[in-house]
Amino acid sequence: MKPMSEKKEEVVSEALKAEESLRSRWYIMDLDGKLWDLDEFDFQGHDKLRKFSGYEYAKDRTVDRTPPHVNLMRSLELVDYEPASDPGNFRYYPKGRMVKALLEEYVTSMVHKYGGMEVETPLMYSMEHPTLKSYLNRFPARQYTVESDDTPYFLRFAACFGQFLMSHDATISYRNLPMRIYEMTRYSFRREQRGELTGLRRLRAFTMPDVHAFCKNLVQARSEYMRRFKLSQDVLAGIGLEKEDYELALRMVEDFYNENKEFIKGLVQKHGKPVLVEMWKERFAYFILKWDMNFVDALDKASALATDQIDVENGERYDIKYMDEDGTQKHPYILHCSPSGAIERDIYAILEREAMRMKADNGYKPQLPLWLAPTQVRIIPVSHEYVGFADMVRGKFSKVRVDIDNRDETVGKKIRDAEKEWIPYIVVVGEREAGKEKLPVRVRGVKDSQNMSVAEMQEKIHAETEDKPYRPVPVPVYLQERPKFVG
RNA sequence: GCCUUGGUAGCUCAGUGGCAGAGCGGCAGCCUUGUAAGCUGUUGGUCGCGGGUUCAAUUCCCGCCCGAGGCUCCA
């Protein structure tokens with residue numbers, strides 16, 4: 001298909017060329033809003049920010065190791081490569097699918113609370129649609145293309161297309177603003193070059209929440225932007241990533257900075273530690289301000305999780321209009337936010353952080369956040385005589401993922417396997433426990449076993465997971481009935 | 001696309017110009033198990049694909065395919 005590849009060449013250009021010619025300047029902004037040149041700033045106590053800043057303009061990013069999360073994602077039977085697909089398109093085993101689904105449900109519930117209207121839009125769009133053509137021209141991203149009846153289509157890399165086309169057709173009053181539209185894109189596609197793909201860190205098919213807010217003017221855009229900053233911090237914290245786990249970058253046009261210094265400082269103060277600033281003399285992208293929250297991994301590589309941008313261009317490009325108070329139609333400011341970043345990347349961040357903790361402390365017991373643990377409580381009957389008793393114990397739980405190791409193995413072997421699965425609560429039951437209220441519980445990360453009743457265990461688990469979604473054990477409850485997907 | 005590196009059992013990996021190996025797993029049996037690996041037996045392979053050199057190639061040579069990592073990038 002020669003005509004198509006020629007078309008692609010045209011499409012991949014303008015912004016890329018512009019970016020090459022426009023060099024950005026880099027700074028660190030401290031909590032007082034002061035800008036420091038990178039070589040003047042004292043990075044003492046800001047090790048990760050130093051790594052992140054260095055990463056942003058480094059020449060050599062060579063790594064000779066498999067990133068630790070790749071081994072973990074496989075050994076925990078979460079996710080794996082799919083050799084039969086295009087690279088960067090992964091398979092999710094039952095446990096991984098559950099973890100991912102819970103994350104998707106959680107982020108969605110947070111966006112609902114924020115006021116996002118959830119929609120669903122197509123995965124593919126015509127490359128010949130005039131508006132999209134011009135938008136693609138602005139984005140140097142590589143697309144997957146699909147052909148149908150001689151028309152070339154591209155697979156979306158974000159939900160912008162569908163949401164903007166929908167908004168173009170909507171009748172919007174200034175009373176409806178800010179108007180918030182949301183979609184969890186499963187999937188977004190980007191045909192990144194082969195060598196760019198790394199485990200769950202960068203994929204060609206990924207799942208990403210995309211929330212747009214259409215705003216009347218800059219005043220409204222700023223206050224909405226602040227709300228979304230808080231939303232993103234809350235979402236990441238819920239996932240288990242606190243402020244010390246990521247670094248903030250602010251990227252903006254110089255004019256915007258000069259006119260909004262207090263606002264910018266406010267963002268830095270909300271983050272609570274110095275941030276990296278990238279500044280352009282002129283606007284080359286569609287946004288005037290962008291922040292991104294970046295995770296620095298076990299190999300000192302940085303990648304963006306959450307992000308939000310103030311877009312001053314696409315309202316016009318897509319001809320999205322609202323009727324203002326004065327009876328005239330205007331184009332809104334558009335905010336583009338992904339409050340968690342790609343869901344796969346959240347899993348990557350959690351696994352990489354556990355790997356870093358293991359490396360720092362030999363005795364450290366890695367774990368997933370309790371609400372994401374595929375098994376929360378493992379019951380180990382001492383012998384097959386006590387499987388019935390284990391069933392009875394399990395029956396007392398509600399809304400807790402409890403499973404039973406009924407395999408014909410020694411207790412030691414079954415404990416070891418449970419530990420290797422990072423299971424938070426392990427209970428061995430046998431003659432000593434029969435008829436007893438309190439059971440000896442091996443709590444992950446706690447040295448000695450604790451005596452707890454089922455009710456106490458359940459209460460503890462519920463307290464720690466109360467604002468999170470729940471799903472049942474994603475594989476058969478009896479270990480004997482489980483296939484092995486890895487190894 | 002370019003560069004680096006790899007492909008041997010389901011998994012992790014060793015090995016050799018001359019009968020294809022280990023551990024784990026799976027299966028069968030024994031044991032009836034008390035807080036990080038119980039014992040015995042057994043089943044697993046077109047050594048990525050194609051060609052060449054050779055009496056003989058999994059091993060040496062050439063080409064190809066696929067994976068991973070690096071370069072442009074971003075969630």
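The chains referred to below are lettered A, B, ... by the order of the sequence lines, with proteins before strands, and numbering in each begins at 1.
The partner of B:C2 is B:G70, judged by Watson-Crick or G-U wobble contacts that both fall below 3.5 Å. Applying the Watson-Crick and G-U wobble criteria (two distances, each under 3.5 Å), B:C27 pairs with B:G41.
Distance noted for atom P between B:C49 and B:C31: 45 Å (whole Å). Taking the P atom of each, B:G63 and B:A14 are spaced 25 Å apart, rounded to whole Å. Taking the P atom of each, B:U12 and B:C55 are spaced 39 Å apart, rounded to whole Å. When the C1' atom is compared between B:A68 and B:C60, the two are found 26 Å apart, to the nearest whole Å. Distance noted for atom C1' between B:C24 and B:G34: 25 Å (whole Å).
Using a 4.0 Å cut-off between charged side-chain N and carboxylate O, A:Lys95 and A:Glu77 make a salt bridge.
Dashed line: the shortest gap from a side-chain N or O of A:Arg201 to OP1 or OP2 of B:A75 is not under 4.0 Å. At least one side-chain nitrogen or oxygen of A:Lys484 sits closer than 4.0 Å to the OP1 or OP2 atom of B:G26. Within the 4.0 Å cut-off from OP1 or OP2 of B:C74, not a single side-chain nitrogen or oxygen of A:Arg345 is found. For B:A75, one of the phosphate oxygens OP1 or OP2 lies less than 4.0 angstrom from a side-chain nitrogen or oxygen of A:Lys290. One finds no side-chain N or O of A:Lys301 lying less than 4.0 angstrom from the OP1 or OP2 phosphate oxygen of B:G69. When the side-chain nitrogen and oxygen atoms of A:Thr410 are compared with OP1 and OP2 of B:G38, one or more of them lie within a distance under 4.0 Å.
Applying the side-chain hydrogen bond (donor to acceptor under 3.5 Å, both in side chains) test between A:Arg156 and each of A:Thr121, A:Asp210, A:Thr185 identifies A:Thr121 as the sole match.
The distance between atom CZ of A:Arg416 and atom P of B:G34, rounded to the nearest whole Å, is 17 Å. Rounded to whole Å, atom C1' of B:G69 lies 14 Å from atom CG of A:Asn71. The separation between A:Phe295 atom CZ and B:A75 atom C1' is 14 Å, rounded to whole Å. Atom pair A:Arg191:CZ and B:C73:P shows a separation of 17 Å (rounding to whole Å applied). A:Glu77 places its CD atom 12 Å from the C1' atom of B:G25, with the value rounded to the nearest Å.
A cation-pi arrangement is found for A:Arg180 relative to A:Tyr114, the charged atom lying closer than 6.0 Å to the ring centre and inside a 45° cone about the ring normal.
If A:Thr307 and A:Gly412 are placed on RNA chain B by their nearest nucleotide, the residue sitting closer to the 5' end is A:Gly412.
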